[in-house]
Amino acid sequence: MNIIIFGPNGSGKGTQGELIKQKFGSLAHIESGAIFREHIGGGTELGKKAKSYIDKGDLVPDDITIPMVLETLKTKGKNGWLLDGFPRNMAQAEKLWEALQKDGIKLDYVVEIKLPRQIAKDRIMGRRICKTNNNHPNNVNIDAIKPSGDKCRVCGGDLSTRSDDQDEAAISKRHDIYYDEKNGTLAAAGYFHKLADEGKTKYIELDGAGTIDSIREKLLSQLK
Ligand code: AMP
C-alpha cells in the first residue's frame, strides 16, 4: 500500500498519518521534514545545507529534496509507504509520478486534509512536541489533544516546541507555499487529483476542521 498525505501544517496530518500507519501495519512513514531534522541533528552535510532554509520557512531546494526522498522511498519503502510533506510543489509532484511510473510502483491513495489558513495557524502555534515520541499528538489550542499540564498527554514525557512553529513570519511563508494553487503544494495535490480523475489513483478529501474522531471515521471508511 502506497499513500501520499497532503494537509497544511496544522491540519492534523501527523495524527491522521499515524492512523493510516496503524491500519496498514508495515507502512514506512516517510516524512521529508523529519528526514531533514534527522540530518540536522546528526550534523550531516545535507543537514547543514537544509537548516538555513528550514529556519526561514523556505523550501529546501528541489535538487537536494527530490533525490533524498526518492532514495528513501527505495531504501525504506519496499513494503509500502506513507509519504508525508512531499511533494510540496509541481516539480516534486511530476518527478515523483515519473519515478513511480518508471519503477512500476502503484500509488494507491492520495489523502488531502483541507483546512482554512487561520485555523491552521492557531493550531501550529499551539503544537507541542513530545521528546520521547514526536508522533504523540499534543496541542494547547485543540481541546481534544491538550497536554496533561506541561507533559505529553500520551506518555507523560517532556514537551517542547519546534522553533519554526513559534515564528509567525515562517508560518506565513510555509502557508504561502502550501496554499499556492499555481505552483505550490495545492498545485501538487491538484496534479494527483487529476490523475485520480483519470483513474490512475484514488483521491480522498477530508474536512480538517472536524474532530479527530470524525476525520478518522471518514478516512477509515474510504481506505480499503
Ligand atoms: P515539515 O516538518 O513538513 O513542516 O517540514 C519542515 C521544513 O522542512 C519545511 O518548512 C521545509 O523547509 C523543509 N521541507 C520539508 N519537506 C520539504 C519538501 N518536500 N520540499 C522542500 N522542503 C521541505
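In each ligand, atom 1 is the first atom listed, and ligand 1 is the first ligand listed. Note: hydrogens, waters and symmetry copies are ignored here, and every other heavy atom, side chains too, is used.
With hydrogens and angles left out, the side-chain atoms of Tyr191 and Glu94 include no donor and acceptor closer than 3.5 Å. There is a side-chain donor-acceptor pair under 3.5 Å between Ser214 and Thr211.
We find that Asp165 and Arg127 are joined by a salt bridge, their nearest charged nitrogen and carboxylate oxygen being less than 4.0 Å apart. A salt bridge is absent between Glu31 and Lys13; no separation between the charged side-chain nitrogens and carboxylate oxygens falls under 4.0 Å.
Annotation: ligand 1 has protein neighbours Asn9, Ser32, Gly33, Phe36, Arg37, Ile54, Asp58, Leu59, Val60, Thr65, Gly85, Phe86, Arg88, Gln92, Arg162, Arg174, each with a heavy atom less than 4.0 angstrom from the ligand.
Judged as a ring-ring contact (aromatic ring centres under 6.0 Å, His included), and not counting sequence neighbours, the contacts of Tyr179 are His175.
Taking the six-membered ring where tryptophan is involved, the planes of Phe192 and Phe6 are tilted, since the angle between them lies from 30° to 60°.
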